[in-house]
Amino acid sequence: MLEKKQTEVYALGQHISMSAHKARRVIDQIRGRSYEETLMILELMPYRACYPILKLVYSAAANASYHLDSNEANLIIRKAEVNEGTTVKKFKPRARGRSYPIKRPTCHISIVVKDISLPEYVEKDFLAWLKKPKWKKKYTNMTYHDMYSSEGVWDKK
């Protein structure tokens, strides 16, 4: 029987203070590329969105090395997406007692990294659950503690 093995990990950055359009401009360049190529692209691009995305790619690679014991040379960016987050709304005072609204958009960025050296499916022994004991001896000999004759709290006169 084949069992699906975990070969993907992700990193999620929420409430990053930039527009989702500006982050998508960078994310579209790195989707589907290898880890090392992604690092080179992000370090050389002149956009402000590159730094938080670079931190997320580093975080996803660290998650992959911790959870999957994988090498960074085998990683590819399988999925990268940007969603709009909440908008921070402020008011700025203007002339003649008026106020001007300021809207600061935020975005949520998620990056999924896949290790291409690991097999997706592994062979699992179907009858392995028969070999395991169904129950273990849970009960041991219990000693009876009598609270009234133990000369404890209840012996006061």
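In this chain, residues are counted from 1 in sequence order.
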Which atom names give the shortest non-hydrogen contact between [X] and [Y], and what distance separates them?
X	Y	value
Ala23	Ile53	O-CD1, 4.0 Å
Ile27	Glu81	CG2-N, 4.4 Å
Pro105	Lys103	CD-O, 3.5 Å
Cys107	Val82	CB-CG1, 4.0 Å
Gln29	Ile41	O-CD1, 4.3 Å

Atom [atom1] of [X] and atom [atom2] of [Y]: how far apart are they, to the nearest 0.5 Å?
X	Y	atom1	atom2	result
Ile111	Leu54	CD1	CG	9.0 Å
Arg94	Tyr100	CZ	OH	6.5 Å
Cys50	Leu44	SG	CG	9.5 Å

>> Quick test of your reading: applying side-chain hydrogen bond (donor to acceptor under 3.5 Å, both in side chains), list the pairs with at least one residue in residues 42-62, sequence neighbours left out, ordered by first then second residue.
In response: none
> Does Arg104 CZ have over 12 foreign heavy atoms under 6.0 Å away?
Replying inline: no
> Yes or no on side chain to side chain contact (heavy atoms under 4.5 Å, CB included) for Ser70 and Leu75, after CA distance, side-chain angles and deciding distance?
Replying inline: CA-CA 8 Å; Ser70 64; Leu75 298 177; 3.8 Å; yes
hydrophobic_cluster_shared for [Y] and [X], side chain cutoff 4.5 Å:
X	Y	answer
Ile77	Leu39	yes
Met45	Leu56	yes
Ile76	Val57	no

>> Looking at Arg31 and Asp28, is there a salt bridge between them, counting it only when a charged N and a carboxylate O are closer than 4.0 Å?
In response: yes
>> Taking salt bridge (Lys or Arg N to Asp or Glu O under 4.0 Å) as the cut-off, I'd like each qualifying pair that reaches into residues 106-116, sequence neighbours left out, listed once.
In response: Lys114-Glu120
Less than 3.5 Å apart, which donor and acceptor atoms pair up between the side chains of residues 7-22 and the rest of the protein, not counting sequence neighbours?
residue, atom, partner, partner atom, Å
Glu8, OE1, Arg78, NE, 3.4
Glu8, OE2, Arg78, NE, 2.4
Ser19, OG, His21, N, 3.3

